[in-house]
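Below is one structure, written out as structure tokens; the observations come after it.
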Number of protein chains: 2
Amino acid sequence: MRDDRLDLAHALSLVLRAALAAEEPVLQAHDLQMWDYVVLNALERGAAPTQSELAAAVRRDKTRLLPILDRLEARGLLRRTVDPGDRRNRVVQLTDAGRDLLGACKRGIRAGERSVLAPLDPDAAAALIEALDRVARPLRTTVGPSA
Amino acid sequence: MRDDRLDLAHALSLVLRAALAAEEPVLQAHDLQMWDYVVLNALERGAAPTQSELAAAVRRDKTRLLPILDRLEARGLLRRTVDPGDRRNRVVQLTDAGRDLLGACKRGIRAGERSVLAPLDPDAAAALIEALDRVARPLRTTVGPSA
DNA sequence: TATTGTTATACTCTATAACTATA
DNA sequence: TATAGTTATAGAGTATAACAATA
């Protein structure tokens, strides 16, 4: 192992910056902010039973989540419905339009990821992505009844 | 390649958060803030000819860099000296104490990195670190005359 | 009384503008 | 006049506190 390598966190932050920069034009093309995309992603695998839970899942203060939800709801990308079982709760779920837009963004973003990993040959890039995914997946906080 | 994997940026951000959390106790033990450590790191390979250049290298506004430099200078970890060639410039360089402290932090941080990559076996972890380093290194903005 | 969602307020962090000195 | 460093001010982003509805 090289001893003059960058700290793990340092390397991660540099690559993350590049990855975010690569995402931006794709999101912009769909008129989405980064946090919009994060929220849509969090809802992909199931509705959020409460807005608080959704806020926790995306690690964002619940007060800051409101304008995002308002924006996405106004565009018809998600729906907020009162939970009949407990009328204090608002269930948040993707609409079909939201799911479609999310899919389009994902495809565009994945295409752009190749350029970020350009210094690696394709096999090494795939291995990096897979290893990262293995480490990252357990760190994710999910949302929804089955989670 | 799995199709249900996380976006690259998503995975990176999750792992980065974990890596930063792992760094914190080490830095705290040495009474350093994250940005202190970043600045010391930037100076490791050579003095910064000006504070502005150092600010650019660590991607921080020059006005926000001042309190950091004040703090580190007060602790004797770095030195600011007036450039005789152009008395407007202040050359910033590590002291021996600064270099020693940086080294101690680095060793502690690298030891903690293993826990972040615990889901991977040692070979895969080493491969991940090396691949990340390869991608990240060209993205770094360096400081100093030879850069 | 406790909790969800919401609104209003305060706080922190960051960048911009203004000042001093050197060139 | 232009630039480095510094100081003071304003702006964006974030979290805390207060409120209304429901349980």
Side-chain angles (χ1 to χ4, degrees), chain A residues 13 16-17 20-21 24 27-28 32-39 42-43 46-74 77-94 141 143-145 147, chain B residues 13 16-17 20-21 24 27-28 32-39 42-43 46-74 77-94 141 143-145 147:
Chain A
S13 77
L16 174 59
R17 183 181 358 239
L20 290 175
E24 228 177 65
L27 295 178
Q28 216 158 9
L32 282 179
Q33 320 228 161
M34 187 65 67
W35 281 110
D36 298 339
Y37 180 63
V38 170
V39 168
L43 293 171
T50 72
Q51 296 184 183
S52 294
E53 192 168 324
L54 179 57
V58 299
R59 305 218 176 222
R60 200 143 183 78
D61 195 276
K62 62 176 181 171
T63 63
R64 300 252 331 140
L65 184 63
L66 292 184
I68 301 171
L69 293 181
D70 290 343
R71 192 163 54 223
L72 295 174
E73 191 178 34
L77 300 175
L78 56 80
R79 226 187 330 261
R80 280 189 275 197
T81 54
V82 176
D83 176 3
D86 184 339
R87 295 179 47 76
R88 291 174 303 184
N89 299 344
R90 308 236 185 281
V91 178
V92 186
Q93 58 187 329
L94 287 184
T141 52
V143 77
Chain B
S13 77
L16 173 59
R17 183 185 352 239
L20 289 174
E24 226 177 66
L27 296 178
Q28 215 158 10
L32 282 180
Q33 320 228 157
M34 186 66 67
W35 281 109
D36 298 340
Y37 180 63
V38 170
V39 168
L43 293 172
T50 73
Q51 295 183 183
S52 294
E53 192 168 324
L54 178 56
V58 298
R59 305 217 176 223
R60 200 143 184 77
D61 195 276
K62 64 176 181 171
T63 63
R64 301 250 332 140
L65 184 63
L66 292 184
I68 300 171
L69 293 180
D70 291 344
R71 193 164 52 224
L72 295 174
E73 190 178 36
L77 300 175
L78 57 79
R79 228 187 328 263
R80 279 190 276 197
T81 54
V82 175
D83 175 3
D86 184 340
R87 294 180 46 76
R88 292 174 300 183
N89 299 344
R90 310 233 185 282
V91 178
V92 186
Q93 59 187 329
L94 287 184
T141 51
V143 78

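Below, read A as the first sequence line, B as the second, and so on, with proteins coming before strands; counting in each chain starts at 1. Here the structure is a predicted model, which means the values were calculated and not measured.
Using a 4.5 Å cut-off on side-chain heavy atoms (C-beta onward), Glu53(B) and Thr141(B) make no contact. Looking at heavy atoms from C-beta onward, Asp36(A) lies out of side-chain contact with Leu77(A) at the 4.5 angstrom threshold.
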Exercise. Checking side chain to side chain contact (heavy atoms under 4.5 Å, CB included) for the pair Arg59(A)/Val38(A): CA distance, chi angles, key distance, verdict?
Worked result: CA-CA 10 Å; Arg59(A) 305 218 176 222; Val38(A) 170; over 6 Å; no
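Between Asp86(A) and Thr63(A), the residue anchored nearer the 5' end of DNA chain C, judged by the nucleotide with its closest heavy atom, is Asp86(A). Two residues, Gln51(A) and Arg60(B), neighbour DNA chain C, and the one matched to the more 5' nucleotide by heavy-atom proximity is Gln51(A). Mapping Thr50(B) and Gly85(A) onto DNA chain D via the closest heavy atom, the residue that lands nearer the 5' end is Thr50(B).
Atoms CD1 (Ile68(A)) and P (dT14(D)) sit 9 Å apart, rounded to a whole Å. Here dG5(D) presents its P atom at 9 Å from CG of Leu65(B), a figure rounded to the nearest Å. The interatomic distance linking Trp35(B) (CH2) with dT12(C) (C1') rounds to 16 Å, in whole Å. One interatomic measurement links the two molecules: CD of Gln33(B) to P of dC13(C), which rounds to 9 Å at whole-angstrom precision. Note: NZ (Lys62(A)) to C1' (dT6(C)) measures 8 Å, nearest angstrom. Here dA2(C) presents its P atom at 18 Å from CG of Asn89(A), a figure rounded to the nearest Å. What separates CG of Leu69(B) from P of dA4(D) is a distance of 15 Å, to the nearest Å. Taking atom CG of residue Leu66(B) and atom C1' of nucleotide dC13(C), one finds them 15 Å apart after rounding to whole Å.
When distances run from any side-chain atom of Arg88(A) to the nucleotides dA17(D), dT6(D), dT3(C), the shortest one goes to dT3(C). Distance from the side chain of Arg87(B) is smallest for dA23(C) among the nucleotides dA4(D), dT7(D), dA23(C).
Phosphate contact (OP1/OP2 of dT22(D), side-chain N/O of Arg90(A), threshold under 4.0 Å): absent. Within the structure, a side-chain polar atom (N or O) of Ser52(B) is placed less than 4.0 Å from OP1 or OP2 of dG5(D).
The only member of Leu65(A), Leu72(A), Val39(A), Leu43(A) that meets side-chain contact (heavy atoms from CB on, under 4.5 Å) when paired with Val92(A) is Leu43(A).
Between the side chain of Arg64(B) and the base of dT14(C) there is no donor-acceptor pair of N/O atoms closer than 3.5 Å.
Atoms CZ and CG, from Arg71(A) and Leu78(A) in turn, are 11.0 Å apart once rounded to the nearest 0.5 Å.
Asp61(A) comes within 4.0 angstrom of a base, heavy atoms only.
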